[in-house]
Amino acid sequence: MNSNSSSSSNLTDTAVFLSSSCSSNNEYLLSSRRLFFLRDVQILELFIALFVFVTIHSLRQKKHQGMPVWPFLGMLPSLIFAVRSNLYEWLSEVLISRNGTFRFRGPWFSTLNCVVTCDPRNVEHILKTRFSIYPKGSYFRETMRDLLGDGIFNADDETWQRQRKTASVEFHSAKFRQLTSQSLHELVHNRLLPVLETSEKIDLQDILLRLTFDNVCMIAFGVDPGCLGPDLPEIPFAKAFEDATEATAVRFVMPAFVWKLMRSLSIGTEKNLKESIKGVDHFAEEVIRTRKKELSLETDIAKRSDLLTIFMGLRDDNGGNFSDKFLRDICVNFILAGRDTSSVALSWFFWLIEKNPEVEEKIMVEICKILEQRDDHGDKKKNMEYEPVFRLEEIKKMDYLQAALSEALRLYPSVPVDHKEVLEDDVFPDGTKLKRGEKVIYAIYAMARMETIWGKDCREFKPERWLREGRYTSESAYKFTAFNGGPRLCLGKDFAYYQMKYVAASIVYRYRVRVDVKGSHKVEPKMALTMYMKHGLKVNMDKRSVSDIDRYYF
């Protein structure tokens with residue numbers, strides 16, 4: 001009995017002990033879980049607090065830097081967002097808020113750091129006053145080399161000077177001017193107008209690109225690619241050239257190591273660029289080979305005034321002929337200048353006058369007034385032509401048309417931004433300090449939207465701002481930088497105006513160009529080397545009736 005009692009007591013003690021031990025373990029486990037939970041909560045709160053602090057700190061930088069500056073990433077997130085919408089408007093807004101100049105800070109160890117400006121004082125400083133220390137620079141040349149090689153728009157120093165000197169002599173020769181005017185006359189009357197006559201709904205930007213592409217190939221290569229044919233054929237070289245310029249532009253908005261890695265792996269836009277440049281090179285090689293053969297036969301081809309033939313007749317520093325690679329670079333550079341700039345400017349011009357019909361009316365009045373002044377021997381009706389061929393002196397008299405084209409170029413410059421590099425420490429007129437090796441971008445598109453430059457009506461399409469007593473008056477090249485300025489002022493500026501005025505007058509006199517609003521067509525700029533319309537310019541060509549034209553004469 002006692003033994004059983006003792007046993008029972010032991011069992012009870014053991015149960016109590018085990019129960020107590022279990023309870024302690026449970027309490028310990030619960031306590032540990034609470035501790036870990038509290039620790040997790042504290043770590044989470046710490047991360048949240050850190051994130052909030054970084055966000056607030058980064059956003060505060062917007063007041064001082066123009067946009068948020070994030071750790072490691074710098075201003076890259078803002079740039080990515082801008083690229084997905086309208087990069088040029090975004091850049092304009094930042095520059096306006098920063099009084100015309102700001103520093104863009106890219107990700108750590110990237111090549112995106114630069115100073116961006118649209119202050120005319122700084123632009124003149126870059127392009128003229130201290131031109132020698134603001135070349136295109138190694139970064140720009142490396143980024144563009146696959147497409148432009150060592151051509152005039154990618155070259156500096158002696159290479160650039162030699163090409164410019166040769167081109168300048170040719171551009172100002174009577175033979176060259178005759179060639180350009182003849183080719184333009186043929187293209188407008190034998191191709192452009194017949195295509196417009198048979199087409200009601202068209203992409204006018206595409207038509208104009210074809211026109212200027214054919215024209216510049218005749219001038220640069222001495223060949224006619226036939227882009228502006230009746231059936232609007234697809235020309236492989238033209239497509240390859242356009243794709244190459246678009247893919248090259250992407251390089252400027254990403255760190256250099258990224259596109260270089262993509263190039264080595266042949267992926268993404270770099271794969272497209274590689275394929276496109278093959279098409280460009282193939283065309284150029286064929287043309288150069290054919291021209292050399294023609295020259296060796298000593299035919300009338302030697303009398304041509306196209307740029308390719310001129311450069312083939314020159315000698316390099318060693319007294320030998322220029323290499324095929326160098327000849328290819330020269331021609332590709334001049335195609336970029338002659339094809340895209342005029343056609344893109346004309347596209348924006350037609351879109352703007354459609355939105356501003358009073359400008360279109362004034363252009364028609366001016367054209368008809370000039371036609372009335374033809375030598376008619378007293379018979380005005382002889383000058384009431386419905387299919388006029390404009391003469392050189394008549395094109396020169398079209399001041400209001402030139403003002404309207406200049407206004408279109410002011411608002412939508414064919415080259416929206418340009419790039420330079422600093423060779424030595426310097427200070428801008430606005431006080432911005434620059435270090436050697438720093439990159440500088442001057443934003444031509446943004447300049448047109450600065451009230452401090454153009455007044456409160458800066459965003460309005462107003463050709464009258466270019467007229468003084470009815471005559472066209474040009475502005476400073478450092479306020480209106482569509483044709484560059486200083487030693488790099490565009491050699492083809494006069495020809496570009498003649499080409500644009502001839503094409504614009506020929507179309508406006510015969511058609512009302514109306515944007516296709518029924519198709520919900522959206523007009524916005526595309527991010528490329530030149531300011532293409534992203535979706536083209538879809539329009540309806542409304543042919544003017546005889547009675548409609550007559551009313552401008554009476």
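Because the structure is a prediction, the values reported are computed rather than measured.
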Does a donor on one side chain sit under 3.5 Å from an acceptor on the other, for [X] and [Y]?
| X | Y | answer |
| --- | --- | --- |
| Ser406 | Tyr472 | yes |
| Thr117 | Asp119 | no |
| Ser183 | Asn215 | yes |
| Thr101 | Asn122 | yes |
| Asp426 | Tyr134 | yes |
| Tyr445 | Glu89 | yes |

Say whether, by atom type as modelled, one donor and one acceptor occur between the side chain of [X] and the main chain of [Y] under 3.5 angstrom.
| X | Y | value |
| --- | --- | --- |
| Arg449 | Ser92 | no |
| Lys433 | Val427 | no |
| Arg191 | Leu211 | no |
| Asp156 | Pro135 | no |
| Asp243 | Ser276 | no |
| Arg488 | Asn484 | no |
| Asp157 | Thr159 | no |
| Asn333 | Asp329 | yes |
| Asp425 | Lys435 | no |
| Ser506 | Tyr502 | yes |

[atom1]/[X]: more than 12 non-hydrogen atoms of other groups inside 6.0 Å:
| X | atom1 | result |
| --- | --- | --- |
| His535 | NE2 | yes |
| Lys526 | NZ | yes |
| Lys274 | NZ | no |
| Arg436 | CZ | no |

Is the [X]-[Y] ring centre distance short of 6.0 angstrom?
| X | Y | answer |
| --- | --- | --- |
| Phe283 | Phe241 | no |
| Tyr442 | Tyr478 | no |
| His282 | Phe237 | no |
| Phe461 | Trp348 | no |

Is there side-chain contact between [X] and [Y], with heavy atoms separated by less than 4.5 Å?
| X | Y | value |
| --- | --- | --- |
| Arg291 | Val223 | yes |
| Val515 | Leu537 | yes |
| Asp340 | Met531 | no |
| Pro120 | Ile453 | yes |
| Phe221 | Ile288 | no |

Salt bridge between [X] and [Y], side-chain N to carboxylate O under 4.0 Å?
| X | Y | result |
| --- | --- | --- |
| Arg210 | Asp214 | no |
| Arg251 | Glu270 | yes |
| Lys538 | Asp206 | no |
| Arg103 | Glu438 | yes |
| Arg141 | Asp150 | no |
| Lys260 | Glu142 | yes |
| Glu124 | Lys479 | no |
| Glu242 | Arg339 | yes |

*Can you list the steps and then say if Arg130 with Glu424 is a salt bridge (Lys or Arg N to Asp or Glu O under 4.0 Å)?*
CA-CA 11 Å; Arg130 302 219 65 191; Glu424 60 184 57; 3.0 Å; yes
*asked:* Tell me whether the rings of Phe495 and Tyr498 are parallel (<30°), tilted (30 to 60°) or perpendicular (>60°).
replied: tilted
*asked:* Ring-plane angle category for Phe104 and Trp90, please: parallel below 30°, perpendicular beyond 60°, tilted otherwise.
replied: perpendicular
*May I have all residue pairs that pass side-chain hydrogen bond (donor to acceptor under 3.5 Å, both in side chains) and include part of residues 160-169, sequence neighbours excluded?*
Arg162-Asp317
*Go through the steps to decide whether Lys439 and Lys420 satisfy the test side-chain contact (heavy atoms from CB on, under 4.5 Å), and finish with yes or no.*
CA-CA 6 Å; Lys439 294 187 289 294; Lys420 299 290 182 180; over 6 Å; no
*asked:* Go through it in stages, so that I can follow the logic: the residues are Phe252 and Thr143, the test is side-chain contact (heavy atoms from CB on, under 4.5 Å), and I'd like the CA-CA distance, side-chain angles, deciding distance and then a yes or no.
replied: CA-CA 8 Å; Phe252 285 96; Thr143 305; 3.6 Å; yes
*Check the pair Phe349 / Leu401 against side-chain contact (heavy atoms from CB on, under 4.5 Å), numbers first and verdict last.*
CA-CA 10 Å; Phe349 163 79; Leu401 176 57; 3.8 Å; yes
_Ring-face cation of Lys136 near Phe140 (centre distance under 6.0 Å, axis angle within 45°)_ = yes
*Mind checking ring-ring contact (aromatic ring centres under 6.0 Å, His included) for His185 and listing every partner two or more places apart, or none if nothing turns up?*
His189
*Between Ile277 and Leu147, which heavy-atom pair has the shortest distance, and what is it?*
CD1-N, 3.8 Å
_Looking at every non-hydrogen atom in both residues, tell me the closest pair between Cys217 and Ile335 and how far apart they are._
SG-CD1, 4.2 Å
